[in-house]
Visitor: 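This is the structure, below, for whatever I ask next.
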Amino acid sequence: MAADLAVLNRPLEEALPHDGRLLGALGRLKIRRVMDLLNHFPRSYNQRAGIAELEAGMHASICGEVVTAANKATKNRRMKITEVIVSDGTGSITAVFFNQPWLTGKLQPGLRVRMSGPVDYAYHQWTMRPSSFELNAAPEEAGLEAEYPLTEGLDNRDLAHTVAGVLSHAAAVPDPLPAELAAQLRLMPIEQAYRHAHQPQDRRMLDAALLALKYREFFMMQVGLRLRRRSEAADTDMVLKVTGELQARVLKYFPFAFTGAQRRVCGEIEQDLQRPGRMHRLLQGDVGSGKTAVALYTALLFLDNGYQCAVLAPTEVLARQHFNNFRAYLRGSKVRVELLTGGLRKNSRDALCADLADGRIHIVVGTHALLEDYVKFKRLGLCVFDEQHKFGVNQRATLRAKGNRPHLLAMSATPIPRTLSMTLYGAMDVSLLDELPPGRTPVITEWVHRAAERRAYEKIRAELKDGGRAYFVYPLVEASEALELKSATEYAETLKNEHFPECRVGVVHGQMDAEEKDRVMERFRKGALDILAATVVVEVGVDVPEANVMVIENAERFGLAQLHQLRGRVGRGKRQSYLYLFGEPRTDEAIRRLRVICETTDGFKIAEEDLRMRGFGDFAGTRQSGLPRLHAGDFERDLDILARARRDAARWAEKVDEALLRECLALHYGRAYRLLDV
Ligand code: ADP
Ligand code: MG
């Protein structure tokens with residue numbers, strides 16, 4: 001076994017005949033060991049076919065002779081189209097290339113060429129948008145052509161050839177599945193699956209091979225996550241006592257009654273805390289759903305049991321806001337809450353740290369500064385991460401290392417589509433706050449065309465006159481600091497001079513330090529300002545219930561999730577709130593984004609739409625999941641296989657050979673798999 005693994009772990013410099021150019025190119029693709037090469041799967045498979053056999057929509061590889069190659073004029077001066085007609089004796093097809101006019105010099109009439117890519121049929125004509133082509137290609141037998149992800153200096157033929165050279169080593173790849181399960185599922189054995197994934201003969205075998213590889217990949221990861229949770233659960237002996245009397249006492253601190261969802265989630269948390277094992281819970285709730293109250297509730301349970309709590313926020317403004325809220329709620333109690341941020345003077349910081357280490361401070365709210373080495377606790381019981389997607393896995397690990405393995409409550413307003421949250425956060429329990437506190441009226445959202453801006457300004461003036469408050473947000477066009485400062489001030493002045501002469505206008509931008517920002521925010525909160533103009537996205541989580549109007553300039557530049565988050569800044573009080581989206585979107589996607597935001601206020605619907613539009617790879621939260629990149633599987637397309645593997649992992653985890661599984665994870669994911677250990 002160990003000897004076999006050594007073959008797979010062998011660096012390619014040793015395993016391949018030395019070829020610096022090839023090794024360099026593979027290195028750029030992060031292919032360093034034999035195993036990496038085996039796991040570098042084709043991104044698509046093209047059916048080798050005669051032109052007469054093509055079907056619209058298929059990915060095909062055709063081989064024929066160039067008849068003509070010509071550049072076409074287009075209406076758009078920046079777009080150049082090259083059309084190459086290829087004939088193979090059974091028919092002809094037009095290959096269309098964009099912005100590569102020099103191809104006409106290369107694809108001379110009479111040359112043999114192989115072209116691969118998706119094909120289409122319209123107006124009695126076959127067309128292809130080739131993703132690759134090869135000159136002087138010899139015709140090949142029917143079958144499938146594997147097309148690999150490539151990099152400069154590496155062509156598909158070289159790569160296929162290189163993979164073929166190590167394919168026999170696939171025999172050494174261990175199978176993480178219990179034999180009984182593998183037999184029951186009748187999955188293709190591993191060695192055969194690698195062979196068919198790289199050198200497919202037909203669709204059926206290819207599909208079976210990919211299924212076998214994807215399933216095993218998801219299974220490994222899911223069992224790995226389960227093992228990690230089990231070891232985490234076992235490593236704390238902090239069991240809290242939560243009595244009805246304590247619950248009632250804690251609830252009295254809040255000036256409102258908890259919503260049904262808040263009560264349910266608190267119950268879920270209490271269950272975690274009353275049994276041995278460490279809590280590792282993600283609290284998801286739309287902006288304004290009241291996550292902070294749940295966090296404070298939880299913290300107070302810990303205090304009563306003699307533990308300290310740390311609450312981490314991603315920005316100073318937000319940390320200060322939590323701090324002020326907590327202080328207000330806890331006024332008159334013996335609970336001591338302090339704020340620790342990077343801006344603190346050394347003297348005050350030292351004093352504060354001493355009190356923390358002595359246990360005289362019960363709750364500390366702070367920014368990244370809490371992660372510094374000099375911060376020590378006496379009895380840290382709970383870490384809360386607000387807006388947890390702003391933190392990395394390592395930062396979470398750092399803070400947790402400070403206590404006697406404290407419990408973890410992470411909060412996020414970036415909704416993760418229901419279908420994904422379970423799998424993505426396989427390592428966390430997820431609680432959902434799916435109810436807004438009462439008395440909120442949904443924000444009225446309007447997309448304002450340029451011609452209608454005047455009317456919108458009038459409506460806003462009326463709101464402000466009537467005691468409302470407004471945010472004006474506009475995206476930064478230039479990253480330069482000097483320009484930001486200039487554009488921020490200019491923007492505020494334009495607002496004041498041209499539209500709202502009777503109003504008090506303040507401005508926050510990225511070049512201000514946290515204290516200045518705070519001061520302005522505070523004036524806006526207190527009502528000393530009617531309008532807050534902001535170049536920085538208004539800080540996540542700020543809470544000014546009286547603010548009831550938001551204008552977003554150039555709204556087409558913001559993503560869906562961002563627009564939704566921004567909208568969450570208004571609609572927090574009793575007044576009817578409005579969001580006006582100014583902008584002239586040019587792309588279909590931008591138009592669609594604005595439509596979606598106007599149509600719904602449901603964060604989950606928006607997240608799902610976001611996912612559909614942007615794809616999983618881009619989705620906020622993927623990186624924080626701490627999962628390594630997949631080789632064969634795809635979180636988006638292979639959701640059913642993932643769901644199946646997840647179910648089986650739950651059922652079969654006990655029968656999995658743990659040492660073998662760890663070896664498999666290390667083999668396939670190298671160092672990345674250690675994230676599973678965090
Ligand atoms: P989140 O962090 O989930 O976006 P917050 O915790 O900031 O939301 O809460 C938003 C606002 O709602 C705050 O002003 C808070 O005081 C208020 N709030 C929270 N829970 C309730 C409740 N059960 N009833 C009434 N108001 C609430
Ligand atoms: Mg919040």
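First listed ligand is number 1; within each ligand, the first listed atom is number 1.
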Visitor: Can you list the atoms of ligand 1 that are under 4.0 Å from a heavy atom of A257?
Guide: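 Near A257, the atoms of ligand 1 are 22 (C), 23 (N), 24 (N).
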Visitor: Using the ring of each side chain (for Trp, its six-membered ring), is Y307 parallel, tilted or perpendicular to F302, with breaks at 30° and 60°?
Guide: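 Perpendicular.
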Visitor: Is the shortest distance from a heavy atom of G285 to ligand 1 less than 4.0 Å?
Guide: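 Distance cut 4.0 Å: G285 fails for ligand 1.
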Visitor: Can you check salt bridge (charged side-chain N to carboxylate O under 4.0 Å, His left out) on D530 and K496, steps first, answer last?
Guide: CA-CA 11 Å; D530 310 296; K496 168 119 185 98; over 6 Å; no
Visitor: How does Q262 reach ligand 1, if at all, at less than 4.0 Å between non-hydrogen atoms: by side chain, backbone, both, or neither?
Guide: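 The side chain, only.
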Visitor: Which atoms of ligand 1 are found less than 4.0 Å from any heavy atom of T259?
Guide: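 Atoms satisfying the 4.0 Å criterion: 23 (N).
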Visitor: Under a 4.0 Å heavy-atom limit, does F258 contact ligand 1 with its side chain, its backbone, both, or neither?
Guide: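 For F258, the contact with ligand 1 is made by the backbone alone.
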Visitor: Quick one: which ligand 1 atoms are inside 4.0 Å of a heavy atom on R572?
Guide: 4 (O), 7 (O), 10 (C)
Visitor: Do NZ/NE/NH1/NH2 and the carboxylate oxygens of R595 and E599 come within less than 4.0 Å?
Guide: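 No, this pair does not count.
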Visitor: Could you check whether K459 pairs with E463 (Lys NZ or Arg NE/NH1/NH2 to Asp/Glu carboxylate O, under 4.0 Å)?
Guide: no
Visitor: List every atom of ligand 1 that sits less than 4.0 Å from any heavy atom of T292, numbering the atoms from 1 in the order shown and giving each element.
Guide: 2 (O), 5 (P), 6 (O), 7 (O)
Visitor: Please determine whether any non-hydrogen atom of P545 lies less than 4.0 Å from an atom of ligand 1.
Guide: no
Visitor: So if I count the atoms of ligand 1 from 1 in the order they appear, which ones are less than 4.0 Å from some heavy atom of Y329?
Guide: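 In order of number, 16 (O).
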Visitor: Any side-chain donor paired with an acceptor under 3.5 Å for Y491 and E553?
Guide: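 E553 and Y491 do have a side-chain donor-acceptor pair below 3.5 Å.
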Visitor: Salt-bridged, E609 to R592, with N to O below 4.0 Å?
Guide: yes
